Trainee: 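Below you will find the structure I want to go over with you.
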2 protein chains.
Amino acid sequence: MNNYSKQREIILNVIKDMHTHPTAEEIYEKVHDVDEKISKSTVYRNINILVDNGKIRKISMPSGSDRYDYFHKIHNHIVCEKCGKVFDFNFEIPKELREVINSQLHNKITLTDNIKINGICNDCMDSSKIK
Amino acid sequence: MNNYSKQREIILNVIKDMHTHPTAEEIYEKVHDVDEKISKSTVYRNINILVDNGKIRKISMPSGSDRYDYFHKIHNHIVCEKCGKVFDFNFEIPKELREVINSQLHNKITLTDNIKINGICNDCMDSSKIK
DNA sequence: ATTAAATTAGGAATTATTCCTAATTTTAGA
DNA sequence: TCTAAAATTAGGAATAATTCCTAATTTAAT
């Protein structure tokens, strides 16, 4: 199979169990709890492999470390532009939007059902009002 | 007004004239052509200020440096997950999607009309077939 | 079993970005 | 216009996240 090292299996399972959109560092900490021999470079390397294999998704952040997410089911992310908090939402790109995009881009790209929408969360909205 | 330093004005104009989704480094290089006295820290600092002011947008990249874009008109981005190429497309979040999101998130976040959709561009798709 | 390929730990190196400081520029008010 | 306060700058040091390097080990394939 694809995950033939003990380390990779542990790393994948840790990510599978975390529902908090963890950073690589946070994943490393959990992995370390399971097996303290696993090095940080192994965690980073395997995270990248798992992203390439489509087992997990990377959420690029406007600032700070990127976050990762096990692909439990189709869902997408909304990220607060100010604090980076990540929210899940369920939405599949509808045919019409897919067609709009394909015609605008002359079919130059194949969508991967991975959408990130930005916003400003209520907490950040409130604190900017105070200023 | 908001842009009261000569440097910030030059930086904004440089970004305005670039239609290539440049990195901070690429912006710095152009700025340096205009005025070689402007330092890299000034470019980075002002890029962040311009993003905060909503004059330009940051496009968080899956790998490599983030990219920036002058906000000429409402548009959004599709990013190739493999090579990072950025494509523009014109699309405003339709009411229905906005409502779906708001109800799912219990109005916890205000959308900022800034969407990133991932995909795999034809070049990367072709080269992965060869493998 | 044997060999080749893949993976690992650990730490060094890299890269992008932010931070620091003293000097300069800009702004706002009298 | 003059002056004081606030904002900004250049330049380089510091930071933080991630990737790279290497020899040793593990896994896979025959």
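Just so you know, these numbers come straight off a predicted model, no measurement behind them. Protein chains get the first letters and strands the later ones, always in sequence-line order, with residue 1 at the start of each.
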Trainee: Excluding sequence neighbours, so at least two apart, what forms side-chain hydrogen bond (donor to acceptor under 3.5 Å, both in side chains) with B/Ser60?
Mentor: none

Trainee: With sequence neighbours excluded, what pairs up with B/Asn76 under the side-chain hydrogen bond (donor to acceptor under 3.5 Å, both in side chains) test?
Mentor: none

Trainee: Just jot down the side-chain hydrogen bond (donor to acceptor under 3.5 Å, both in side chains) partners of A/Ser39, sequence neighbours excluded, or say none.
Mentor: A/Ser41, A/Thr42

Trainee: Name all residues meeting the side chain to side chain contact (heavy atoms under 4.5 Å, CB included) criterion together with B/Lys82; count only those two or more places apart in sequence or in a different chain, and write none if there are none.
Mentor: A/Asp52, B/Cys80, B/Ile120, B/Cys124

Trainee: Tell me the side-chain hydrogen bond (donor to acceptor under 3.5 Å, both in side chains) pairs involving residues 94-109 of chain B, sequence neighbours left out?
Mentor: B/Arg98-B/Asp113

Trainee: Between A/Phe91 and A/Phe89, how do the two ring planes meet: parallel, tilted or perpendicular, split at 30° and 60°?
Mentor: parallel

Trainee: Please enumerate all protein N or O atoms sitting under 3.5 Å from an N or O of nucleotides 4-6 of chain D, with distances to 0.1 Å.
Mentor:
none

Trainee: CD of A/Glu9 versus P of D/dT27: gap in Å, rounded?
Mentor: 11 Å

Trainee: Measure from CG on B/Leu50 to C1' on D/dA7 and round the result to the nearest Å.
Mentor: 15 Å

Trainee: Can you name the residues that form a salt bridge (Lys or Arg N to Asp or Glu O under 4.0 Å) with A/Glu25, not counting sequence neighbours?
Mentor: A/Lys40

Trainee: Hey, what bend do you get for the helix from C/dA1-D/dT30 to C/dA30-D/dT1 if you fit axes on five pairs at each end, rounded to 10°?
Mentor: 50°

Trainee: Does anything in residues 57-67 of chain B pair up under salt bridge (charged side-chain N to carboxylate O under 4.0 Å, His left out), and if so which pairs, sequence neighbours excluded?
Mentor: B/Lys58-B/Asp66

Trainee: Reading nucleotides 8-21 of chain C 5' to 3', which nucleotides get B (base under 4.0 Å from a protein heavy atom), which S (sugar-phosphate only), which -?
Mentor: BBBB----SBBB--

Trainee: Can you list the other members of the hydrophobic cluster that holds A/Ile49, where links are side-chain heavy atoms under 4.5 angstrom apart?
Mentor: none

Trainee: Of all residues at least two apart in sequence or in a different chain, which pass the side-chain hydrogen bond (donor to acceptor under 3.5 Å, both in side chains) check with B/Asn48?
Mentor: none

